[in-house]
Amino acid sequence: PSIPVQITQKSPEVFAYAHGTVMADGKIFIGMASRSCNPFPTNQLYVFTDSRDLTKFRIISIPRTGDIESMVLDEKNDQIYFTLSNNGSLEIYRIDPKTYFVSTVISTTSVDIGLKPAIATDGTYIYGITYTNPATIYKVGIYGTPLVVSPYTHISNGHSAAVGVYGSSTELYFGGGEADLF
């Protein structure tokens with residue numbers, strides 16, 4: 001029988017403020033964010049190549065500075081998408097979990113996603129909500145097709161998101177970070 005891996009003590013290093021996380025192809029992908037005196041650059045992904053041995057990892061650097069706080073696995077296309085936040089723009093990247101190749105999905109200053117945004121995907125689009133007041137909901141094709149933006153004055157600080165696909169309908173669910181709403 002398999003024995004689950006368990007982190008039993010706080011680490012002052014890699015796990016200092018690990019935030020965006022995804023598991024793909026038997027690997028754990030963790031993004032860094034700049035809080036709690038995290039000594040690691042925020043533009044780095046840590047990839048634990050063996051989920052049973054947390055001493056084996058690779059570091060993937062992203063050319064731009066920003067917090068990697070929101071990640072999502074696209075099981076349909078076997079890709080991971082993540083936002084680079086806290087820099088005044090919308091930047092979404094993809095990483096291939098097999099080759100670690102990183103590419104840009106979209107980079108635009110027309111939307112500020114704030115500090116702790118949320119993203120979700122249905123394998124065709126990446127949906128997100130900004131951590132701003134008021135919040136903005138956006139939709140981007142996984143290959144960078146045009147951005148659709150909908151500002152909502154009654155929603156503030158979106159912090160979590162999920163997509164449900166029902167037949168031909170796609171529904172986006174989100175929660176507010178400080179608004180105590182869903």
Side-chain angles (χ1 to χ4, degrees), residues 14-24 27-36 38 40-48 60-97 100 102-142 144 147-152 155-164 170-179 181-182:
V14 175
F15 299 107
Y17 201 74
H19 208 74
T21 57
V22 165
M23 186 155 189
K27 303 169 199 156
I28 302 170
F29 292 76
I30 299 178
M32 295 290 119
S34 67
R35 279 173 286 305
S36 302
N38 183 1
F40 291 89
T42 59
N43 63 331
Q44 290 185 342
L45 285 169
Y46 282 75
V47 182
F48 291 88
I60 313 280
S61 293
I62 311 305
R64 292 253 306 134
T65 301
D67 295 337
I68 301 172
E69 294 200 42
S70 188
M71 298 175 76
V72 64
L73 174 63
D74 175 357
E75 291 183 53
K76 180 178 170 183
N77 299 297
D78 195 28
Q79 296 289 298
I80 297 170
Y81 306 111
F82 61 91
T83 57
L84 204 57
S85 63
N86 201 22
N87 57 17
S89 63
L90 169 63
E91 294 183 46
I92 301 175
Y93 294 86
R94 83 173 54 80
I95 184 169
D96 182 316
Y100 306 122
V102 176
S103 60
T104 304
V105 174
I106 191 169
S107 179
T108 179
T109 57
S110 67
V111 176
D112 177 2
I113 60 175
L115 183 64
K116 302 178 273 189
I119 58 173
T121 187
D122 62 2
T124 303
Y125 294 99
I126 301 164
Y127 304 89
I129 185 166
T130 63
Y131 192 86
T132 57
N133 189 6
T136 299
I137 295 174
Y138 57 88
K139 172 177 137 177
V140 178
I142 62 168
L147 175 70
V148 176
V149 175
S150 299
Y152 288 90
I155 301 170
S156 63
N157 301 329
H159 188 57
S160 61
V163 169
T170 300
E171 297 180 5
L172 174 65
Y173 302 92
F174 53 87
E178 295 171 9
L181 60 84
F182 181 77

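One-based numbering along the sequence shown.
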task = Give, for atom CG of L73 and atom OG1 of T21, the distance between the pair rounded to the nearest 0.5 Å.
result = 11.5 Å
ask   = Could you walk me through whether I60 and V47 pass the side-chain contact (heavy atoms from CB on, under 4.5 Å) check?
value = CA-CA 8 Å; I60 313 280; V47 182; 3.8 Å; yes
key: Parallel, tilted or perpendicular: rings of F29 and Y100 (30°, 60°)   = tilted
task = State the CG-CD1 distance between N86 and I68, to the nearest 0.5 angstrom.
result = 12.5 Å
request  = Grab the two heavy atoms, one from S61 and one from Q44, that are nearest each other, plus how far apart they are.
outcome  = OG-NE2, 3.6 Å
message = Suppose the criterion is salt bridge (charged side-chain N to carboxylate O under 4.0 Å, His left out): which pairs have a residue in residues 75-85, not counting sequence neighbours?
response = D78-K98
request  = Supply the atom-to-atom distance Y46 OH to I30 CD1, rounded to the nearest 0.5 angstrom.
outcome  = 10.0 Å
key: Which atom of G123 lies closest to which atom of N77, heavy atoms considered   = O-ND2, 2.8 Å
message = Just verifying a value: how many Å separate I106 CD1 and I126 CD1, rounded to the nearest 0.5 Å?
response = 9.0 Å
task = Only one of I92, L45, V72 passes side chain to side chain contact (heavy atoms under 4.5 Å, CB included) with F82; say which it is.
result = L45
request  = Using atom types as modelled and distance alone, determine if a side-chain donor or acceptor of T132 lies under 3.5 Å from a backbone N or O of P134.
outcome  = yes
key: side chain to side chain contact (heavy atoms under 4.5 Å, CB included) partner of Y127, the single match among I119, D122, I137   = D122
inquiry  = To check you understand the geometry: which heavy-atom pair defines the closest contact between A24 and P97, and what is its length?
reply    = CB-CB, 3.9 Å
message = For a quick test of reading the model, state the closest non-hydrogen atom pair linking S107 to E91 and the distance between them.
response = OG-CG, 3.7 Å
ask   = Counting distance only, does the side-chain N/O of T130 pair as donor-acceptor with the main-chain N or O of T136 below 3.5 Å?
value = yes
query = Nearest 0.5 Å, what's the OH-OG distance between Y138 and S150?
reply = 12.5 Å
ask   = Looking at side-chain heavy atoms only, is the closest gap between L147 and S110 below 4.5 Å?
value = yes
inquiry  = Whether the S85 and T83 side chains hold a donor-acceptor pair (N or O, under 3.5 Å, no angle test) is what I'd like checked.
reply    = no
query = What distance do M32 atom CE and N43 atom CG have between them, rounded to the nearest 0.5 Å?
reply = 11.0 Å
request  = Taking the side chain as every heavy atom from C-beta outward, state whether I142 and Q79 have any pair of such atoms under 4.5 Å apart.
outcome  = no
For Y125, ring pair (Phe, Tyr, Trp, His ring centres under 6.0 Å) partners two or more places apart = none
